[in-house]
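One structure is given here, and the rest of the page talks about it.
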Amino acid sequence: MAVKELTANNFNETIENGEIVLIDFWASWCGPCRTFKPVFEAAAEAHPDLTFAACDTDAQAELAGALGIRSIPTLAIFREKVLVFSQPGMLPKEALEELIGKVKALDMASVHAQVASQRAAAAAT
């Protein structure tokens, strides 16, 4: 599966329609971003059941800022519309595969319960 270009215009639709969405935040001038790109693209080919998207932080500065991206490359992963991972730095193939396995294995009922609890606590203050 090809890596989808992520923009402010298609961000919500991408997150809403993908059970697991991996986003590579990058820029063309970033050496580590260029090194990570083929690893990310190979994972997209190996996992056609997942959504892979890339966000050019120069072209989509407002979106990157809204998501708190301060360093690139940054990999963010959403599962069932919940941000479950966000970390700067490039990953080798093996680490990315291990991370994908961990995200697939998450107990999402527990994750959703934690999110609901955090929202309730925030609303109470």
Excluding sequence neighbours, so at least two apart, what forms salt bridge (charged side-chain N to carboxylate O under 4.0 Å, His left out) with Lys104? Asp49
Enter the distance from [X]:[atom1] to [Y]:[atom2] here, rounded to the nearest 0.5 Å.
X	Y	atom1	atom2	answer
Cys30	Phe25	SG	CZ	13.5 Å
Thr51	Ile15	OG1	CD1	8.5 Å
Cys55	Ile69	SG	CD1	8.0 Å
Leu91	Leu99	CG	CG	6.5 Å
Ser86	Ile77	OG	CD1	9.0 Å
Met108	Lys81	CE	NZ	10.5 Å

Kindly write out the residues that satisfy ring pair (Phe, Tyr, Trp, His ring centres under 6.0 Å) with Phe40, not counting sequence neighbours, or none if the list is empty. Phe36, Phe52
Using the side chain to side chain donor-acceptor pair (under 3.5 Å) criterion, which residues pair with [X]? Sequence neighbours excluded.
X	result
Lys37	none
Lys93	none
Glu5	none
Glu80	His112

Same cluster (ILVMFWY, side-chain, under 4.5 Å), Leu67 and Val3: no
Would Leu22 and Leu83 show up in the same hydrophobic cluster when neighbours are defined by side-chain heavy atoms closer than 4.5 Å? no
Could you note down all residue pairs passing salt bridge (Lys or Arg N to Asp or Glu O under 4.0 Å) where residues 25-36 supplies at least one of them, sequence neighbours left out? none
Using every non-hydrogen atom in the two residues, find where [X] and [Y] come nearest and quote the distance to one decimal.
X	Y	value
Pro92	Val39	C-CG1, 4.1 Å
Glu45	Ala2	OE2-N, 4.3 Å
Pro32	Met90	O-SD, 3.7 Å

Does anything in [range] pair up under side chain to side chain donor-acceptor pair (under 3.5 Å), and if so which pairs, sequence neighbours excluded?
range	value
residues 115-125	none
residues 54-79	Trp29-Asp58
residues 7-25	Lys4-Thr14, Thr7-Asn10

Carefully, step by step, assess Ile23 and Phe78 under the rule side-chain contact (heavy atoms from CB on, under 4.5 Å). CA-CA 8 Å; Ile23 305 169; Phe78 288 81; 3.8 Å; yes
Sorted by chain and residue number, the side chain to side chain contact (heavy atoms under 4.5 Å, CB included) partners of Ser110 (sequence neighbours excluded) come out as Asp107, Gln114
Got a sec, which residues hit side chain to side chain contact (heavy atoms under 4.5 Å, CB included) with Ala42, two or more places apart in sequence or on another chain? none
Step-by-step side-chain contact (heavy atoms from CB on, under 4.5 Å) determination, Val21 to Leu50: CA-CA 6 Å; Val21 180; Leu50 308 181; over 6 Å; no
